[in-house]
Amino acid sequence: MRKAVVAIVGRPNVGKSTIFNRLVGERISIVNDTPGVTRDRVYSKVEWLTTEFNLIDTGGIELGNEPLLVQMREQADIAINEADVIIFIVNGRDGITAADEEVTKILYRSNKPVVLAVNKIDNPEMREDIYEFYSLGFGEPYPISGAHGLGLGDLLDRVVELFPAHDGKLENEDALHFSVIGRPNVGKSSLVNAILQQSRVIVSDIAGTTRDAIDSPFVFDGEDYVIIDTAGMRKRGKIYESTEKYSILRALKAIDRSDVVLIVIDASTGIIEQDKRIVGHAHDAGKAIVIVVNKWDTIESDQEAMRKFEAEIRAHFLFLDYAQIVFLSALTKKRIHTLMPQVRLASENYSKRVETSVLNDVIMDAIAVNPTPTVRGKRLKVLYATQVAVKPPTFAVFVNDPDLMHFSYRRFLENKIREAFGFEGTPIKILARKRG
Ligand code: GDP
Ligand code: GDP
């Protein structure tokens, strides 16, 4: 089910990023060292009570050297395009400014719900400063203090109330959803077209739930698929993909709704820095992945060339060793038939369950080959393992002391599980749990 999206807008210095960081919390900033949004985030998951949603800080989307007013307008446009609910932040200490009115005008033009938050209300005495903001016309203003974390609960309660109701009959819910990501010009649109052309039945395009992506449902070999096309959108608007942060945001949104992510690399240019960032985001999301080396027609192709390119990919993306690589040309359609079987395989493995008894045989055999390590005189004991989730497959390994399960031993167990069950194309997670 698609998670709701909330965007924060407002003129500079009202406290957007402070509030974004507050709402997101420290949770993901420590995940790993992938450059990009983890360090300088504009998009993140937020959990509020029992609801999860995605939050965008539009203030973090830099739009080149445009004048401030133009940037503000475009950020408000992005919020309208991307979000289900908009949080409009003003500064309670400054009163209403011309720039606030400018943002107001743009938000009026959309029919997205807007919640007005008056920030920098750091103590209760300041609460009367909020009344003048009623005149902006967004109903009751919510007094908050991003710096002190005040009033955010009431604000979020209101935001969550405004989420669109799910009517429970989302189209194509059972279809395999996949997205095609990669930096500009690697051939994403061409690939999407090529895939749709080779499918036997093309269902007409339906607009995506938000305008960021165009969902194309199709049937291939009797199976239902939906391509979430992030690339098509760019051609429709001037700012799409013109800034890297915005394109990453769009890719993250598409990845979020996917079972399988196709990462496209351009054979004619090789791997560059921007590819690495995109790959990092795909990996962080924990989805199944297929790496597509496109424009293979530009390479003097033989087994050796493929081996070399594969070695380059493996060397750059050590953490993606589970992803299969396909070499093809979206333009000439050469080897295009090799793609969908890999998408299907990755998806099947992403949802695969293994039997507990077989899993434990595999784990115990592994331990017999490579005994558990001893850390500071204490030996790790593995008692039992079971698969606790799919998408991606997640295994709980019950041990005497989870601190004794180091990265290298976890990795060893992961490799043994992969050897035994195959899980090509999907990440798997191993959780060390204390057996009481
Ligand atoms: P943005 O440009 O809208 O993202 O604003 P920032 O989050 O960068 O905040 C601008 C300035 O306002 C920073 O110096 C923050 O520390 C400060 N600020 C943010 N929230 C509050 C608040 O609730 N109270 C006070 N007093 N200052 C705040
Ligand atoms: P996107 O920006 O990632 O969506 O890339 P496009 O699909 O728009 O393709 C960018 C350019 O690469 C276009 O000029 C395409 O014709 C070209 N292109 C796409 N796929 C291939 C391919 O397989 N081989 C060659 N030689 N060119 C390709």
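When a ligand or atom number is given, it counts from 1 through the structure's own listing order.
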**Report entry** Close-contact set for ligand 2 against K188 heavy atoms, below 4.0 Å
**Finding:** 1 (P), 2 (O), 3 (O), 4 (O), 5 (O), 7 (O)

Report task. Compile the protein residues with any heavy atom at a distance under 4.0 Å from an atom of ligand 1; present them by chain, then by number. Result -> R11, P12, N13, V14, G15, K16, S17, T18, R93, N119, K120, D122, S145, G146, A147

Query raised in the report: Does a sphere of radius 6.0 Å around CZ in R127 hold more than 12 heavy atoms from other residues, nucleotides or ligands, not counting ones at 6.0 Å or beyond?
Result: no

Query - Salt bridge flag under 4.0 Å for residues E414 and R418 - result: yes

Query raised in the report: If you draw a 6.0 Å radius around NZ in K334, do more than 12 non-hydrogen atoms from other residues or ligands fall strictly inside?
Result: yes

Query raised in the report: Quick one: does G182 get a heavy atom under 4.0 Å from ligand 2?
Result: no

Report task. Mark up the atoms of ligand 2 that fall under 4.0 Å of a heavy atom belonging to S329, in ascending order. Result -> 22 (C), 23 (O), 24 (N)

Report summary line: d(L107 CG, F138 CZ) to nearest 0.5 Å is 4.5 Å

Query raised in the report: Between K295 and D266, is the closest basic N to carboxylate O distance under 4.0 Å?
Result: yes

Query - Test side-chain hydrogen bond (donor to acceptor under 3.5 Å, both in side chains) applied to E310 and R314, K308, R307, the passing residue - result: R314

Requested in this report: Consider every N or O of W296 and every N or O of ligand 2, then say whether any pair is closer than 3.5 Å.
Outcome: no

Report task. Before signing off on this row, confirm whether A330 and ligand 2 have an N or O atom pair separated by under 3.5 Å. Result -> yes

Query - K276 side chain vs F317 backbone, donor-acceptor pair below 3.5 Å - result: no

**Report entry** For T298, atoms of ligand 2 separated by under 4.0 Å from a heavy atom
**Finding:** 26 (N)

Query raised in the report: Hey, is ligand 2 close enough to T332 that some N/O pair sits below 3.5 Å?
Result: no

Query raised in the report: Which ligand 2 atoms does S190 reach within 4.0 Å, using its non-hydrogen atoms?
Result: 6 (P), 7 (O), 9 (O), 15 (C), 19 (C), 20 (N)

Report task. Identify, with sequence neighbours excluded, every residue that meets side-chain hydrogen bond (donor to acceptor under 3.5 Å, both in side chains) alongside R93. Result -> D122

Query raised in the report: Taking distance alone, with no angle check, do S189 and ligand 2 share an N/O pair under 3.5 Å?
Result: yes

Requested in this report: Measure across V180 and K188 and return the closest heavy-atom pair with its distance rounded to 0.1 Å.
Outcome: O-CD, 3.7 Å

Report task. Could you tell me whether P184 and ligand 2 have an N or O pair separated by under 3.5 Å? Result -> no

Query raised in the report: Can you find a side-chain donor-acceptor pair between S268 and T298 that sits under 3.5 Å?
Result: no

Query raised in the report: Distance only, no hydrogens: is a donor on one side chain within 3.5 Å (strictly under) of an acceptor on the other, for S190 and N193?
Result: no

